[in-house]
A.B. asks: 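Sharing a structure with you now.
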Amino acid sequence: MKKKTIAIVLSVLLVVSAVLVLAACQQDDGEFQVVFRNYTGRAYFTLKTVDGKISKDAVDAELAKITPPKDGEEDMEFMGWYSQISQNDKGKYLFDGAIDYNKTYTEDAEYYAYWHVGAGLPQGYTVIGVINGQSSWTPGDEPESWMLVQDEDEPWLYRADFIITAGDQIKVKEKSDAWNNDLCNLGMWGLQDVILDEGVTLPEGMKAKGDSKEKDKTSIIYGDPSEAGKTTENALVGAMVETAEITIEYDYADKQFRIYVHSITFKTEVKEVYVLTGSFGGDNEWKPDNTAPEYNFTPVDGQEGKWELTFTFTANQTFKVTNGSWAWECGWDAEKITVTAGAGVGSVEGIFVDSGDAGNIKVTQGCTVKITLTVATHALAIEVTALTPAA
């Protein structure tokens, strides 16, 4: 049933309820009628009070005769009887006034059944990625503290508290040792909202939640531009975040997750950095924050948004370019590179190829190059200035 239709039904139901209340009268035996309805107002059953009270056993016996509604193919779970039902501005049903079996009734009454999607997978759900600089991408090996804890009263909700910082990557998945099993694998595309606690404020021009088109300095959480629109797109923590205390909440009913920000501090300045990282051996092995000058790009004079680096590769090395963290790989995809031959250099065809591993670029022949990075397009232009003779 569409939300608009449901809203109309609820409005009619309120009018009918008012009429029923006005028409209600004490029975000859001094007892009252209590109607138990579904969320649209249709009556499931009616019970009469005994000595002014409603028996829980009698209610439960009638409830057992009701076929639970379904959410798709899944039976919904009964959460309780409530005297008030409403909808928030997002169309979510809100229930209030839980039935009190100790109550003595002095008039007719009615209650609404609160049905909800079940509690999800028995093994539960966890966060995987990079949290506060700690990396865990192997399903089943993530820290126990990354496990989301099931809420006792609302079992479709799972939560855990974290401290995050710039460059972290967030993904929510089912607790298992597998990836592509169609159970739960939620990155940026599964992030419903980033919600700030009262009193938490952002610098001018910053958003709580950006998207794949946002720069990493303008949002607390945003999407990886190189993975835009893909289910592999992680939720990333923006470069301006010094540290933030958050709660990650996975809602099994909505199949989405939310991030609640309790406190946050920001960096006063973020230096723009672009780093060549890869299989170079020794201390330089895959370090996105490498400060060694031979791996750091420098801005091109007079060309804003362009950076360059001269480097010598050996055969079979692999690499990518980052902005000093794993939060945003800029132009590392083999489809986003162009390769040209410098003066006096022969054919350069096939020297740089997709390694087939996380989009890394593989070098098939030793060479010296000038790499130009265009930030706006995340593209790399590689000019081969010299080829290394085969040994």
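Since the model is a prediction, treat every value here as computed from it, not as a measurement. Along the sequence shown, residues carry numbers from 1.
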A.B. asks: What heavy-atom pair brings Ala113 and Tyr44 nearest, and what distance separates the two atoms?
C.D. replies: CB-CE1, 3.8 Å
A.B. asks: If every non-hydrogen atom of Ser145 is compared with every non-hydrogen atom of Ala160, which pair is closest and at what distance?
C.D. replies: O-CB, 4.3 Å
A.B. asks: So if you build clusters from Ile, Leu, Val, Met, Phe, Trp, Tyr with side-chain heavy-atom gaps below 4.5 Å, do Ile351 and Val339 land together?
C.D. replies: yes
A.B. asks: Should Ile195 and Trp189 be counted in the same cluster of Ile, Leu, Val, Met, Phe, Trp and Tyr side chains packed under 4.5 Å apart?
C.D. replies: no
A.B. asks: Check the side chains of Gln84 and Tyr82 for a donor-acceptor pair under 3.5 angstrom, ignoring hydrogens and angles.
C.D. replies: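 Not at all, the side chains of Tyr82 and Gln84 share no donor-acceptor pair under 3.5 Å.
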A.B. asks: Measuring from Ile371:CD1 to Ile337:CD1, what's the distance to the nearest 0.5 Å?
C.D. replies: 9.5 Å
A.B. asks: Is Arg159 salt-bridged to Asp151, cutoff N-O under 4.0 Å?
C.D. replies: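 Counted as a salt bridge, because a side-chain N and a carboxylate O are separated by less than 4.0 Å.
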A.B. asks: Is there a continuous path of hydrophobic side-chain contacts, each under 4.5 Å between heavy atoms, that joins Ile85 to Phe45?
C.D. replies: yes
A.B. asks: How long is the gap from CD1 on Ile131 to CD1 on Ile170, to the nearest 0.5 Å?
C.D. replies: 4.5 Å
A.B. asks: Nearest 0.5 Å, what's the OG-CD1 distance between Ser355 and Ile361?
C.D. replies: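 Ser355 OG to Ile361 CD1: 8.5 Å, rounded to 0.5 Å.
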A.B. asks: Test ring pair (Phe, Tyr, Trp, His ring centres under 6.0 Å) on Tyr125 and Phe257; report intermediate values, then the result.
C.D. replies: CA-CA 11 Å; Tyr125 302 89; Phe257 72 99; over 10 Å; no
A.B. asks: Quick one, Lys267 with Lys217, criterion side-chain contact (heavy atoms from CB on, under 4.5 Å). Give me CA distance, side-chain angles, the key distance, then yes/no.
C.D. replies: CA-CA 10 Å; Lys267 300 176 183 178; Lys217 295 180 182 179; over 6 Å; no
A.B. asks: Pick from Leu309, Thr310, Val375: which one makes a side-chain contact (heavy atoms from CB on, under 4.5 Å) with Phe297?
C.D. replies: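 In the set Leu309, Thr310, Val375, the residue that makes a side-chain contact (heavy atoms from CB on, under 4.5 Å) with Phe297 is Leu309.
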A.B. asks: Does the side chain of Phe313 reach to within under 4.5 Å of the side chain of Leu276, using non-hydrogen atoms?
C.D. replies: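 Yes, their side chains come closer than 4.5 Å.
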A.B. asks: Is the shortest side-chain heavy-atom distance between Gln365 and Thr388 below 4.5 Å?
C.D. replies: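 Contact flag for Gln365/Thr388 side chains = no.
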A.B. asks: Would you mind reporting whether Trp307 and Val321 have side-chain heavy atoms less than 4.5 Å apart?
C.D. replies: no
A.B. asks: So which atom in Ser136 and which in Trp146 form the shortest heavy-atom distance, rounded to 0.1 Å?
C.D. replies: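 Taking every non-hydrogen atom into account, CB-CZ3, 3.6 Å.
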A.B. asks: Calculate, to the nearest 0.5 Å, the distance between atoms CD and OH belonging to Gln150 and Tyr250 respectively.
C.D. replies: 12.0 Å
A.B. asks: Check the angle between the aromatic planes of Phe36 and Trp81 and answer parallel, tilted or perpendicular using the 30° and 60° thresholds.
C.D. replies: perpendicular
A.B. asks: Does the structure place the NZ or CZ of Lys103 under 6.0 Å from the centre of the six-membered ring of Tyr101, at an angle of no more than 45° from the ring's axis?
C.D. replies: no
A.B. asks: Checking side-chain polar atoms at under 3.5 Å, does Glu249 have a donor or acceptor matched by the opposite partner on Tyr260?
C.D. replies: yes
A.B. asks: Anything under 30° is parallel, anything over 60° is perpendicular, the rest tilted; go ahead and classify Phe319 against Phe352.
C.D. replies: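 Perpendicular: the ring planes of Phe319 and Phe352 meet at over 60°.
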A.B. asks: Should Tyr112 and Val35 be regarded as members of a common hydrophobic cluster, given that ILVMFWY residues are connected when their side-chain heavy atoms come within less than 4.5 Å of each other, either directly or indirectly?
C.D. replies: no
A.B. asks: Indicate the ring-plane relationship of His116 and Trp156, choosing parallel, tilted or perpendicular according to the 30° and 60° boundaries.
C.D. replies: parallel
A.B. asks: Any side-chain to backbone donor/acceptor pair from Asp168 onto Gly133? Under 3.5 Å, distance only.
C.D. replies: yes
A.B. asks: Shortest non-hydrogen contact from Leu387 to Ser347?
C.D. replies: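 Distance-wise, the nearest heavy atoms are CD1-O, 4.2 Å.
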A.B. asks: Would you mind reporting whether Ile220 and Leu196 have side-chain heavy atoms less than 4.5 Å apart?
C.D. replies: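 Yes. Closest side-chain heavy atoms under 4.5 Å.
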A.B. asks: Should Trp179 and Ile128 count as side-chain neighbours, where that means a heavy-atom distance under 4.5 Å?
C.D. replies: yes
A.B. asks: Any side-chain heavy atom of Thr218 within less than 4.5 Å of one from Lys207?
C.D. replies: no
A.B. asks: Within this structure, what is the CD1-OG1 distance for the pair Ile382 and Thr338, rounded to the nearest 0.5 Å?
C.D. replies: 7.5 Å
A.B. asks: Are the side chain of Lys173 and the backbone of Leu183 linked by a donor-acceptor contact shorter than 3.5 Å?
C.D. replies: no
A.B. asks: Measuring only between side-chain heavy atoms, which start at C-beta, is Thr277 closer than 4.5 Å to Lys320?
C.D. replies: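 They are in contact (side-chain heavy atoms under 4.5 Å apart), so the answer is yes.
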A.B. asks: Is there a donor-acceptor contact under 3.5 Å from the side chain of Glu31 to the main chain of Asp51?
C.D. replies: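 Side chain of Glu31 to backbone of Asp51: a pair is present.
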A.B. asks: Which pair of heavy atoms, one from Ile164 and one from Val241, lies closest together, and at what distance?
C.D. replies: O-CG1, 4.4 Å
A.B. asks: Considering the options Gln256, Arg258, Gln192, which one meets the side-chain hydrogen bond (donor to acceptor under 3.5 Å, both in side chains) requirement together with Asp251?
C.D. replies: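 In the set Gln256, Arg258, Gln192, the residue that makes a side-chain hydrogen bond (donor to acceptor under 3.5 Å, both in side chains) with Asp251 is Arg258.
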A.B. asks: Could you walk me through whether Thr247 and His262 satisfy the side-chain contact (heavy atoms from CB on, under 4.5 Å) test, starting with their C-alpha distance in whole Å, then the side-chain angles of each, then the deciding distance to 0.1 Å, before giving a yes or no?
C.D. replies: CA-CA 8 Å; Thr247 295; His262 308 306; 2.6 Å; yes
A.B. asks: Is a side-chain donor or acceptor of Thr265 paired with a backbone partner of Glu242 at a separation under 3.5 angstrom?
C.D. replies: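 Pair absent, no side-chain N/O of Thr265 close to backbone of Glu242.
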A.B. asks: Determine whether more than 12 heavy atoms belonging to other residues, nucleotides or ligands lie under 6.0 Å from atom NZ of Lys362.
C.D. replies: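 Not buried by this count: 12 neighbours or fewer within 6.0 Å.
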A.B. asks: Is it true that a side-chain atom of Asp60 and a backbone atom of Asp57 form a donor plus acceptor pair closer than 3.5 Å?
C.D. replies: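 Such a contact is absent between Asp60 side chain and Asp57 backbone.
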A.B. asks: Please find the pair of heavy atoms, one from Ile163 and one from Glu245, that lie closest to each other, and give the distance.
C.D. replies: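 For Ile163 and Glu245, the tightest heavy-atom pair comes out as CG1-CG, 4.3 Å.
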A.B. asks: Would you check, one step at a time, whether the test side-chain contact (heavy atoms from CB on, under 4.5 Å) holds for Lys255 with Leu186?
C.D. replies: CA-CA 9 Å; Lys255 305 299 190 294; Leu186 301 178; 5.6 Å; no
A.B. asks: Consider only side-chain N and O atoms of Thr243 and Thr165, and report whether a donor and an acceptor are under 3.5 Å apart.
C.D. replies: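 No, no side-chain donor-acceptor pair sits under 3.5 Å.
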A.B. asks: Can you tell me if Thr49 uses its side chain to pair, donor with acceptor, with the backbone of Phe32 under 3.5 Å?
C.D. replies: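 Side chain of Thr49 to backbone of Phe32, a donor-acceptor pair under 3.5 Å: yes, one is there.
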A.B. asks: Return the orientation label for the Phe95 and Tyr114 ring planes: parallel under 30°, perpendicular over 60°, tilted otherwise.
C.D. replies: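 Geometry flag for Tyr114 against Phe95: parallel rings.
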A.B. asks: Could you check if a side-chain atom of Ser86 sits within less than 4.5 angstrom of a side-chain atom of Leu94, using non-hydrogen atoms only?
C.D. replies: yes
A.B. asks: Are Met206 and Leu191 in one and the same hydrophobic cluster, where Ile, Leu, Val, Met, Phe, Trp and Tyr link if side-chain heavy atoms are under 4.5 Å apart?
C.D. replies: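 Yes, it is one cluster - the side chains of Met206 and Leu191 are joined through contacts under 4.5 Å.
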A.B. asks: Report yes or no: does Thr364 contribute a side-chain atom to a donor-acceptor pair with the main-chain N or O of Val353 at less than 3.5 Å?
C.D. replies: no
A.B. asks: Would you say the side-chain atoms of Glu142 pair up with the backbone N or O of Gly140, donor to acceptor, closer than 3.5 Å?
C.D. replies: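 Yes; at least one donor-acceptor contact below 3.5 Å.
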A.B. asks: Hey, is the main chain of Thr377 close enough, under 3.5 Å, to the side chain of Thr374 for a donor-acceptor pair?
C.D. replies: no
A.B. asks: Check the surroundings of atom NZ in Lys370: do more than 12 heavy atoms from other residues, nucleotides or ligands lie under 6.0 Å from it?
C.D. replies: no
A.B. asks: How long is the span from the CG atom in Leu202 to the OG atom in Ser219, to the nearest 0.5 Å?
C.D. replies: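 Interatomic distance, Leu202 CG to Ser219 OG, rounded to 0.5 Å: 9.5 Å.
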A.B. asks: Short question: side chain of Lys53, backbone of Val50 - any donor-acceptor pair under 3.5 Å?
C.D. replies: no
